[in-house]
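Take a look at the structure set out below.
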Amino acid sequence: LVVFKDMKISLGTANYNGFVRPQNLVFDNCLIEGMGHYWGDKTTFNNCKFSLSGADYNIYLYSGVDFTFKNCEFNSPTNRFMNAYREETSTEPIKVNITNCKFIGAEDTASAPNAKPVVNIKKYINPIWQITIKNSSLEGALNKEKGFYQAEEGSKGFVSIDGNVVWEAE
């Protein structure tokens, strides 16, 4: 277990930044700047702020199988928050739990022409995504229009929002 507490983590804007092969990471009350790809098998973010400038997404759910976000705030001028994308197979479902989080992005398509929903689910390598969102909010008209998720055709798994399964595919 590695715990980062009350820190600023600067990941930059290049692809494939992060922490390679840790078992369990915890981020408490951290400011996470830039775009991260590599995370622990199990990664927990408590009371963290994600800030993005000059990059694609706040976070790629690229490595690891268990992600928890509690009381976090995501700021993205691109309106791209989480990319659920893999290049390697996973033998188990990938769990993503989002609770009491706030997603703040650009207000209009002119500032964020390639905006996406909060979680952009990709099918590449056929991972099974188990995404649970509770008591979370979208700020800005563009965020509300895009919503909490988008699943690429052929993706597998489910999305549950406030206890209701809103998407499921096998």
Side-chain angles (χ1 to χ4, degrees), residues 9-22 25 27 30-45 48-70 72-90 92-99 101-106 109 111-133 136-140 142-161 166-167 169:
I9 312 287
S10 295
L11 297 168
T13 58
N15 287 328
Y16 307 110
N17 289 327
F19 304 86
V20 178
R21 294 183 188 86
L25 291 174
F27 296 86
C30 291
L31 171 60
I32 300 169
E33 294 182 330
M35 179 174 65
H37 285 72
Y38 286 107
W39 307 101
D41 290 340
K42 179 178 181 179
T43 304
T44 302
F45 298 93
C48 291
K49 281 192 171 186
F50 292 80
S51 178
L52 182 68
S53 64
D56 239 3
Y57 288 88
N58 288 120
I59 186 170
Y60 273 69
L61 305 175
Y62 183 76
S63 66
V65 293
D66 192 335
F67 294 90
T68 299
F69 301 89
K70 289 182 184 174
C72 292
E73 181 179 297
F74 293 79
N75 294 284
S76 173
T78 64
N79 276 65
R80 291 176 163 214
F81 301 97
M82 295 181 182
N83 198 15
Y85 170 76
R86 299 294 204 151
E87 289 180 1
E88 295 181 7
T89 57
S90 175
E92 56 188 293
I94 300 148
K95 298 174 186 168
V96 181
N97 295 296
I98 302 166
T99 305
C101 292
K102 186 185 328 182
F103 298 89
I104 305 165
T109 54
S111 351
N114 298 311
K116 301 281 184 188
V118 167
V119 182
N120 185 40
I121 303 166
K122 299 295 212 169
K123 69 174 181 178
Y124 193 68
I125 307 294
N126 294 318
I128 299 170
W129 298 98
Q130 296 179 346
I131 299 168
T132 303
I133 302 168
S136 294
S137 65
L138 305 170
E139 292 193 9
L142 186 56
N143 284 357
K144 290 176 182 173
E145 173 190 320
K146 295 290 181 179
F148 276 112
Y149 77 96
Q150 168 182 300
E152 184 176 56
E153 187 175 332
S155 298
K156 297 177 184 177
F158 71 83
V159 173
S160 171
I161 299 175
V166 295
W167 171 79

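Worth saying up front: this structure is predicted, and the values here are computed from it rather than measured.
Rounding to the nearest 0.5 angstrom, the gap separating the NZ atom in Lys95 from the OG1 atom in Thr132 is 9.5 Å. Taken from OG in Ser51 to CD1 in Ile9, the straight-line distance is 13.5 Å, to the nearest 0.5 Å. Note: Ser137 OG to Lys144 NZ = 8.5 Å, rounded to the nearest 0.5 Å. Summarising the geometry, atom CD1 belonging to Ile98 is positioned 8.0 Å from atom CZ belonging to Phe148; distances are rounded to the nearest 0.5 Å. Atom-to-atom distance recorded for Asn79:CG and Glu145:CD is 9.5 Å, nearest 0.5 angstrom.
The side-chain hydrogen bond (donor to acceptor under 3.5 Å, both in side chains) search around Tyr16 returns Glu87, not counting sequence neighbours. Asn75 meets the side-chain hydrogen bond (donor to acceptor under 3.5 Å, both in side chains) test with Glu73; sequence neighbours excluded. When the side chain to side chain contact (heavy atoms under 4.5 Å, CB included) test is applied to Asn15, the partners found at least two apart in sequence or on another chain are Met35, His37. The salt bridge (Lys or Arg N to Asp or Glu O under 4.0 Å) test applied to Glu139 returns Lys102, not counting sequence neighbours. Residues satisfying the side chain to side chain contact (heavy atoms under 4.5 Å, CB included) criterion with Pro77, sequence neighbours excluded, are Leu52. Applying the side chain to side chain contact (heavy atoms under 4.5 Å, CB included) test to Ser63 and every residue at least two apart in sequence or in another chain returns Tyr38, Trp39, Arg86. Checked against side-chain hydrogen bond (donor to acceptor under 3.5 Å, both in side chains), Asn58 has no partners two or more places apart in sequence or in another chain. In this structure Phe103 satisfies the ring-ring contact (aromatic ring centres under 6.0 Å, His included) test together with Phe74, Phe81, sequence neighbours excluded. Contacts of Phe158 classified as ring-ring contact (aromatic ring centres under 6.0 Å, His included), with partners at least two apart in sequence or in another chain: none. Residues passing the side-chain hydrogen bond (donor to acceptor under 3.5 Å, both in side chains) test with Ser10 are Glu33, sequence neighbours excluded.
Put simply, the side chain of Val118 reaches to within 4.5 Å of the side chain of Leu138, judged on heavy atoms. Under the 4.5 Å side-chain criterion, counting only non-hydrogen atoms from C-beta, Lys122 is in contact with Asn83. Inter-residue side-chain proximity for Trp129 and Leu61 is flagged as met; some heavy-atom pair is nearer than 4.5 Å. Taking the side chain as every heavy atom from C-beta outward, Leu11 and Ile32 approach each other to under 4.5 Å. At least one side-chain heavy atom of Ile59 sits under 4.5 Å from a side-chain heavy atom of Phe69.
Looking at every heavy atom in both residues, Ser76 comes nearest to Thr78 through OG-OG1, 2.9 Å. A pairwise comparison of heavy atoms in Ser53 and Thr13 identifies O-CG2, 3.4 Å as the closest pair.
Between the side chain of Asn17 and the backbone N or O of Ala14, at least one donor-acceptor pair lies under 3.5 Å. A donor-acceptor contact shorter than 3.5 Å links the side chain of Ser136 to the backbone of Cys101. Of the possible polar contacts, one joining the Thr43 side chain to the Gly40 backbone as a donor-acceptor pair under 3.5 Å is found.
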Next item on the list: Using the side chain to side chain contact (heavy atoms under 4.5 Å, CB included) rule, take Val159 and Ile121 through it: C-alpha gap first, then chi angles, then the decisive distance, then the call.
Entry: CA-CA 10 Å; Val159 173; Ile121 303 166; 3.7 Å; yes
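Under the side-chain hydrogen bond (donor to acceptor under 3.5 Å, both in side chains) criterion, the residue pairs touching residues 146-161 are Asn120-Gln150, with sequence neighbours excluded. For residues 54-68, the pairs satisfying salt bridge (charged side-chain N to carboxylate O under 4.0 Å, His left out) are Asp56-Arg80, with sequence neighbours left out.
Only one option out of Phe45, Phe27, Tyr57, Tyr60 pairs with Phe50 in a ring-ring contact (aromatic ring centres under 6.0 Å, His included); it is Phe45.
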